[in-house]
Each structure stands twice: as structure tokens, then as C-alpha cells.
Amino acid sequence: MPGLAVVGAQWGDEGKGKIVDYLAAQADMVVRYAGGNNAGHTVVAGGRTVKLHLVPSGILYPGVTCVIGNGVVIDPEVLVEELDALEQQGMPAEKLRISNRAHLLMPYHRDLDRLEEEARGSRRLGTTGRGVGPAYVDKAAREGVRLADLADEAWLRERLAAVVPRKSELLRKMYGHPGYTVDEMFDYCLRFRSRLVPLLVDAGEVVGEALERGQRILFEGAQGTMLDLDHGTYPYVTSSTATAGGVLPGTGVGPGSVSNVLGVVKAYTTRVGMGPFPTELSGEQGEWLRQRGGEFGTTTGRPRRCGWLDLVQLRYAVRINGIRQLALTKLDVLSGLERVRMAVAYEIGGRRLDRMPASLSELAQVQPVYEELPGWSEPLASARALSELPEAARRFIGRLEELLGIPVVYVSVGPGREQTIAVDGIAW
Ligand code: IMP
């Protein structure tokens with residue numbers, strides 16, 4: 001069954017949106033399986049820039065069916081805004097399908113995200129403040145409202161009566177927020193009914209049947225491996241499964257549905273929010289990368305923390321996700337550096353460490369052991385083949401492949417679709 005999962009191999013913002021958009025040309029269906037509008041994809045195609053938070057990147061191809069799986073939490077305001085914006089740009093999302101089992105992100109989730117972060121003070125996590133964490137908390141606590149509930153007024157009211165008074169009490173007692181009435185939330189939900197209910201499907205069935213027909217399915221990951229709830233740098237993570245394993249519970253398909261995993265790796269590392277980051281460059285070099293790479297969040301506009309590539313972290317990501325091929329992005333950003341570095345190991349208390357420690361206090365103390373490679377001065381933006389890259393850039397790619405033991409099949413040298421070097425094809 002030709003199911004390709006595309007995942008972020010670092011802390012998110014690796015450029016998955018561009019790679020998914022590029023590969024969607026070969027796909028029949030693109031499926032989002034995790035996260036919410038904490039994610040942000042910028043896709044540049046035909047001179048147009050489209051920012052997407054919930055709608056899968058494949059939406060730009062009229063022939064591709066896009067599915068938002070049950071693993072995604074959906075802020076209906078954001079989704080409807082995104083659909084309106086796409087329509088205004090002449091790209092109606094006719095081929096969008098939404099899982100009826102996906103959970104709604106409610107206004108009180110947004111309030112709680114903000115108020116909880118404020119209450120954490122200096123121990124804040126640095127969330128995107130979109131309510132995503134609290135929405136997943138409610139899902140696990142069995143206090144969520146699902147999209148299917150929108151279709152049945154009596155049941156919707158019943159669900160809201162079960163959860164809204166308790167949420168409001170929490171907001172009032174803990175944070176002095178006035179909270180919401182059941183009626184308010186009922187009217188709120190109904191606002192989206194006519195727009196969203198026609199798009200609802202049993203997504204597991206839709207995707208499963210497409211796989212059985214031999215269609216090519218692209219599972220689009222959100223965030224990155226190190227933000228995964230289980231395998232990331234907990235607690236500085238998001239509240240969903242950002243790794244390839246999330247495809248199954250987040251879509252409703254079986255383990256045989258993922259035939260290949262493509263890891264997207266940026267030529268350097270970035271992260272937003274708090275938490276340890278061993279190869280972080282503070283000061284001038286970090287600022288240089290931030291400016292050169294335009295490293296400001298798509299969702300929040302926050303400056304991203306920047307640093308060198310980290311092979312300890314990437315080896316971990318390759319294993320956790322079962323990554324078999326790589327897409328290397330933003331290689332063009334490194335042009336102009338005399339020397340480039342990649343961390344090949346960590347050191348802590350005079351001891352060498354080749355693995356990602358689970359302990360965050362340990363991760364905060366490790367010192368990267370760097371390998372230095374010659375840099376290159378030539379701009380790469382117009383390169384369309386590996387042979388058009390300077391020798392030093394090719395060496396950088398070769399070393400990455402050697403250290404990870406898997407091939408780089410795409411190299412991205414700019415935001416445009418055409419700025420993608422296909423070194424090899426993707427194995428679906
Ligand atoms: P939340 O997902 O808003 O709860 O934020 C939790 C952590 O994940 C914070 O460090 C965020 O900055 C980070 N995060 C969430 N979504 C993204 C993303 O799409 N790119 C990068 N970081 C993200």
C-alpha cells in the first residue's frame with residue numbers, strides 16, 4: 001500500500017510544507033494526522049504565497065483530495081478563515097474532507113492555554129497559545145467535543161452541558177475568568193455547522209479505501225520529532241504525536257499503511273519555545289542564521305532559536321520514525337560561511353554521549369562535539385541539479401548521509417517549488 005509519511009526530523013519548521021507541496025504533485029491524497037493550528041506551513045507556488053495552519057498543503061493541487069484526520073484538533077474559526085482565504089485566491093477547498101471523529105478546539109481551550117502559561121511564569125513552556133495543549137487534555141480526559149457532535153443538535157447540547165460548566169468553573173476559580181454558558185458555546189458551535197458538517201467523513205474509511213485501490217497517500221506530519229509528546233524533549237513538547245507512529249491513531253488505518261517515511265531536515269537546527277537545545281548559537285552567529293533563514297514563526301511570528309545541525313538528535317529521529325529517505329531543506333541559507341559545523345556526539349562531565357538523554361537536566365548540560373567542514377560562498381538558489389552545487393555543499397550532504405546511513409533524495413535551495421533538486425525519486 002503506497003503510504004508515505006513525511007515528518008519533521010528536528011523541532012519543527014524544517015520546511016515540511018514545501019516538501020509536502022512538492023510531493024503532492026505525485027499523490028492522490030494528502031492527510032494531516034496530528035497537531036492543530038499551532039502548525040504553520042508556508043507554501044510558495046506560481047508566485048503566490050499561501051499560509052496554511054490546518055488545511056493540508058496538498059490543497060493547492062485541484063486533483064488531490066485533502067483529509068484532516070481524527071488526530072488533529074480543529075479550531076473552527078481558524079479553519080473557516082483558511083477556507084475563505086483559499087477561496088478568495090481562487091482555490092476553493094472542494095476536495096477537503098474532515099474526520100467526523102476529530103475534536104473541536106473550543107474558545108476555553110485558547111483561554112486556558114494563555115492563562116496556564118501566564119501562571120507558569122518563568123517556568124512557562126513557550127506554547128503557541130492557540131489552545132492546542134488544553135484541547136488534547138480534554139480529549140484524553142474524555143471531555144472533548146467532536147466534529148460529529150455538530151451534526152446532532154440534541155447530542156451537541158448534551159455534550160456541552162457535560163463539559164462547559166466544569167470548564168467555566170475551572171476558569172473562574174483558578175483564573176478569575178468569567179467562563180462561558182452552555183448556551184453561548186452551543187450558539188458558537190452552530191455558527192460553523194453549515195460550513196463544516198458537509199465536509200465530514202469517516203476519514204479512516206476514506207483513506208483505507210483509497211489505499212486499497214492502490215492510490216498514493218501522503219501522510220503530512222505536523223511539528224517535528226523533538227516536539228513529540230512521548231519522544232520529544234518533554235515537557236517542552238506539543239501535546240500530540242508528531243512522529244510517524246501518529247499516522248495510525250491519527251488517521252484510523254492499520255500498521256501496513258505506511259510504506260515509507262521521509263524525514264525533512266533543515267541544514268541547521270531551529271526551535272521555538274523553551275527547553276534545552278545543545279547546538280544553539282547565541283549571539284552573532286545565531287542572529288546571522290535567523291536573518292538569513294528568515295527564522296520567525298509562521299504561526300506566532302516569534303524569532304526562532306538557531307544552531308548547528310545535530311547528528312545525535314537526527315540519529316534519534318531516524319530511529320524513532322523509521323526514516324528511510326531524507327529531504328534536506330534551506331541548504332542555500334548556509335552560503336557565505338567559511339566553515340560549517342555539525343555535532344556528531346555530546347560530551348557531559350568528560351564522558352562522550354552518542355544518544356539523546358531522556359533527562360532534560362542532562363540534555364541541558366551536554367556540550368556538542370563538532371565536526372567542521374569547509375563552507376561555500378556561492379549562492380545556491382538557482383541550482384537545479386546536484387552537479388550545480390559547489391563541491392563543499394555536496395560534501396556537506398555526503399557527510400550527512402554517511403553519518404545517518406540513509407540517502408538525501410531532495411535538496412531544497414529556496415522556498416519556490418522549482419527550487420528543489422531531486423537527487424533521486426521517492427519510494428512510495
Ligand atoms: P503548543 O503546541 O502550542 O502547545 O506548544 C508547545 C511547544 O511546541 C512550544 O515549544 C511551541 O513553540 C512548539 N510548537 C508547536 N507547534 C510548532 C510548530 O509548528 N513549529 C515549531 N514549534 C512548534
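Please read all numbers here as calculations on a predicted model, not as lab measurements. Both counts, for ligands and for their atoms, begin at 1 and track the order of listing.
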| query | Short list, please: which atoms of ligand 1 are under 4.0 Å from a heavy atom of Arg302? | reply |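 Once the distances to Arg302 are compared, the set is 11 (C), 12 (O).
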| field | Element-labelled atoms of ligand 1 that are located less than 4.0 Å from some non-hydrogen atom of Trp11 | value |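 Those atoms are 21 (C), 22 (N).
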Looking only at side chains, do [X] and [Y] share a donor and an acceptor under 3.5 Å apart?
X      : Y      : answer
Tyr175 : Asp111 : no
Thr420 : Lys18  : yes
Trp428 : Gln26  : yes
Thr300 : Arg302 : yes

| field | Distance from atom 3 (O) of ligand 1 to nearest protein heavy atom, with residue and atom | value |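 Sorting protein heavy atoms by distance from atom 3 (O) of ligand 1 puts Thr128 OG1, 2.6 Å first.
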Counting heavy atoms only, name the option from [options] that's nearest to [atom].
atom                   : options                        : value
atom 6 (C) of ligand 1 : Leu227, Val272, Asp113, Val237 : Val237
atom 2 (O) of ligand 1 : Thr238, Thr127, Thr270         : Thr238
atom 9 (C) of ligand 1 : Gly126, Gly273, Gly8           : Gly126

| said: Residue-level breakdown please: for Arg271 versus ligand 1, do any non-hydrogen atoms fall below 4.0 Å on the side chain, on the backbone, on both, or on neither? | reply: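 Answer for Arg271: neither.
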| task | Give, for atom CG of Leu150 and atom CG of Leu190, the distance between the pair rounded to the nearest 0.5 Å. | result |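 Between Leu150 CG and Leu190 CG, I get 8.0 Å after rounding to 0.5 Å.
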| query | Between atom OG1 of Thr225 and atom CG of Asn321, what is the distance when rounded to the nearest 0.5 Å? | reply |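 Taking OG1 in Thr225 and CG in Asn321, the distance rounds to 4.0 Å.
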| Heavy-atom contact under 4.0 Å between Gln223 and ligand 1? |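 It does, in that a heavy atom of Gln223 comes within the 4.0 Å cut-off of ligand 1.
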| field | Non-hydrogen atom of Ala39 closer than 4.0 Å to ligand 1 | value |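 Checking ligand 1 against Ala39, which is what was asked, there is a heavy-atom contact under 4.0 Å.
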| Does any N/O atom on Ser239 come nearer than 3.5 Å to any N/O atom on ligand 1? |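 No.
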| said: Is there a polar contact between ligand 1 and Asp13, counting only N or O atoms under 3.5 Å apart? | reply: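 Yes.
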| Carboxylate-amine/guanidinium contact Arg195 Asp84, below 4.0 Å |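 Judged by the 4.0 Å cut-off on N to carboxylate O distance, Arg195 and Asp84 do form a salt bridge.
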| query | What's the verdict on salt bridge (charged side-chain N to carboxylate O under 4.0 Å, His left out) for Glu280 and Arg305, showing C-alpha distance, side-chain angles and the deciding distance? | reply | CA-CA 7 Å; Glu280 181 167 15; Arg305 299 157 64 192; 2.9 Å; yes
